[in-house]
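Working notes for the structure below.
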There are 2 protein chains.
Amino acid sequence: MQQETGRRSNRERSDETRERLIEAARRLFVDKSYAETGTPEIAREAGVTRGALYHHFADKQALFAAVVEREASTVADEIERHTTTSSTATIALIEGGEAYLKAMAAPGRTRLLLLDGPAVLGRSGMDEVDNRHGNRTLKQGLEAAIKARQIRDLPLDALTGLLGAAFDRAALAIDAGADAEPYRTALAGLIEGLVPTP
Amino acid sequence: MQQETGRRSNRERSDETRERLIEAARRLFVDKSYAETGTPEIAREAGVTRGALYHHFADKQALFAAVVEREASTVADEIERHTTTSSTATIALIEGGEAYLKAMAAPGRTRLLLLDGPAVLGRSGMDEVDNRHGNRTLKQGLEAAIKARQIRDLPLDALTGLLGAAFDRAALAIDAGADAEPYRTALAGLIEGLVPTP
DNA sequence: CTGTTGCATACATGCAGCCTGTATGTTATT
DNA sequence: AATAACATACAGGCTGCATGTATGCAACAG
């Protein structure tokens with residue numbers, strides 16, 4: 001099974017194996033869902049044996065967690081890259097939302113992060129991932145906007161969760177083939193509704 | 001295996017068996033999740049054999065679909081019962097939301113309808129269930145409110161989906177042990193924000 | 001009206017194939 | 001030599017199907 005790759009350090013061996021496992025698992029989890037993907041197929045696709053898989057990950061779920069963790073991190077990076085410090089808080093929120101929807105349009109992301117993720121890791125598990133990567137920026141944006149009196153003073157954590165869920169739902173619908181425009185409009189409407197009426 | 005239940009019609013036999021299977025499956029799916037519940041255990045708990053299960057349902061997923069269908073129907077009934085035709089559209093929406101949160105507080109409902117449901121049946125599958133039972137009333141409420149100019153004119157289907165997702169997220173958070181009050185406040189804030197500012 | 005006959009429905013049982021996780025063996029680093 | 005990084009083999013369990021059996025039902029004969 002092992003190729004003629006010459007002499008490599010243990011660290012290099014490990015890293016490459018982990019990498020190949022995560023990449024292969026991601027492909028299959030995206031194509032067929034977590035439940036319908038077996039570890040034999042993952043190992044085959046990665047060019048390794050199941051022994052290697054279970055050497056690096058406690059179980060199939062831990063491998064899935066690694067895939068989700070990386071995906072969430074990538075999404076956060078893409079958002080941060082496409083983000084511009086905008087004038088008003090609401091515009092910043094809307095633009096951040098656009099960036100999120102664009103990032104979530106990458107194939108398989110909605111299934112990994114919004115369907116299988118919560119079911120396999122539990123909502124609490126996904127919340128931890130989200131707080132490390134995802135809606136940390138959303139929460140900070142909302143906090144700043146509230147302090148600047150640009151949106152109404154509502155419970156921060158709850159509002160972050162609700163808006164995040166709305167964005168998630170939009171990403172899911174668009175990924176399922178729905179027209180994106182009505183969702184952008186409705187999201188903008190929800191956010192603009194948070195502006196205080198003096 | 002068959003008890004001394006006297007002579008029963010075929011219809012009675014079928015109905016009772018299906019009933020017992022659905023009830024047993026619900027208990028186990030709620031306790032341990034869909035993935036970690038096996039058909040042997042379901043059949044045992046229902047006092048039937050796996051043969052009966054596969055006679056009535058095409059596969060494990062079809063049994064799960066039956067459980068979800070019934071649960072969604074029950075939730076819709078409970079909401080309809082606790083609903084009062086209120087004065088303004090926003091108040092009706094907020095009260096409907098309260099009823100929804102109360103109904104979703106029944107043990108296991110969030111797992112069945114909001115975690116395992118979308119993962120096992122797909123978001124499109126759950127959308128069909130929701131449209132038959134769940135947010136049909138939400139959509140009608142929003143439609144009426146828009147036509148009466150009590151809330152802004154936003155794309156109906158998209159807005160229904162986004163608000164529904166926000167309510168779902170609140171139900172999940174509360175079920176996970178979060179304080180309900182901030183979520184109620186934030187939800188009310190979102191809805192009140194939809195009132196047009198002349 | 002009753003008893004029998006033939007068929008359909010509602011299950012029960014057994015089997016084949018696959019999958020997960022672990023335990024144990026082997027090879028490459030350090 | 002010791003340890004990390006794998007490979008291989010195995011045990012237990014689960015799903016779905018195929019086949020066997022009993023019960024209900026409908027029609028017809030007598």
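Numbered from 1 within each chain, the chains take letters A, B, ... in sequence-line order.
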Along DNA chain D (nearest heavy atom to each residue), the more 5'-positioned of B:Ala58 and B:Arg11: B:Ala58
Which nucleotide in D:dA7, C:dT20, D:dG16 has an atom nearest any side-chain atom of B:Lys60: D:dG16
Whole-Å gap separating P (C:dC18) and CD1 (A:Ile42): 17 Å
Separation of C:dG17 P from A:Glu41 CD (nearest whole Å): 19 Å
Test log, rule salt bridge (charged side-chain N to carboxylate O under 4.0 Å, His left out), inputs A:Asp31 and A:Arg27: CA-CA 6 Å; A:Asp31 279 0; A:Arg27 277 199 304 274; over 6 Å; no
Whichever of A:Gly51 and B:Ser14 has its nearest DNA chain C nucleotide further upstream toward 5': B:Ser14
Short side-chain N/O contact from A:His56 to OP1 or OP2 of D:dC6, under 4.0 Å: yes
Any A:His55 side-chain N or O less than 4.0 Å from OP1/OP2 of D:dA5: yes
Quiz item: A:Arg50 side-chain donor-acceptor pair to C:dG21 base, under 3.5 Å: yes
side-chain N/O B:Thr39 vs D:dT15 OP1/OP2, d < 4.0 Å: yes
From CA spacing to verdict: salt bridge (charged side-chain N to carboxylate O under 4.0 Å, His left out), A:Arg169, B:Asp157: CA-CA 12 Å; A:Arg169 187 56 169 273; B:Asp157 284 315; over 6 Å; no
Euclidean distance, atom CG of residue A:Leu63 to atom P of C:dG21 [Å, nearest integer]: 11 Å
Rounded interatomic separation in angstrom, taking CG from A:Asp15 and P from C:dT29: 14 Å
Whole angstrom value for the distance that separates P of C:dA10 from CZ of B:Arg13: 8 Å
Between C:dT27 (C1') and A:Asn10 (CG): distance, integer Å: 11 Å
Side-chain heavy-atom pair B:Leu194, A:Leu190 within 4.5 angstrom cut-off: yes
Any donor-acceptor N/O pair, B:Thr37 side chain to B:Leu28 backbone, under 3.5 Å: yes
C:dT13 phosphate, OP1 or OP2, under 4.0 Å from B:Thr49 side-chain N/O: no
Atom pair distance, as rounded to whole Å: CD in B:Glu36 and P in C:dT20: 14 Å
A:Asp59 CG - C:dG21 P separation (whole Å): 5 Å
Face-on cation placement of A:Lys60 at A:Tyr54 ring, 6.0 Å and 45° thresholds: no
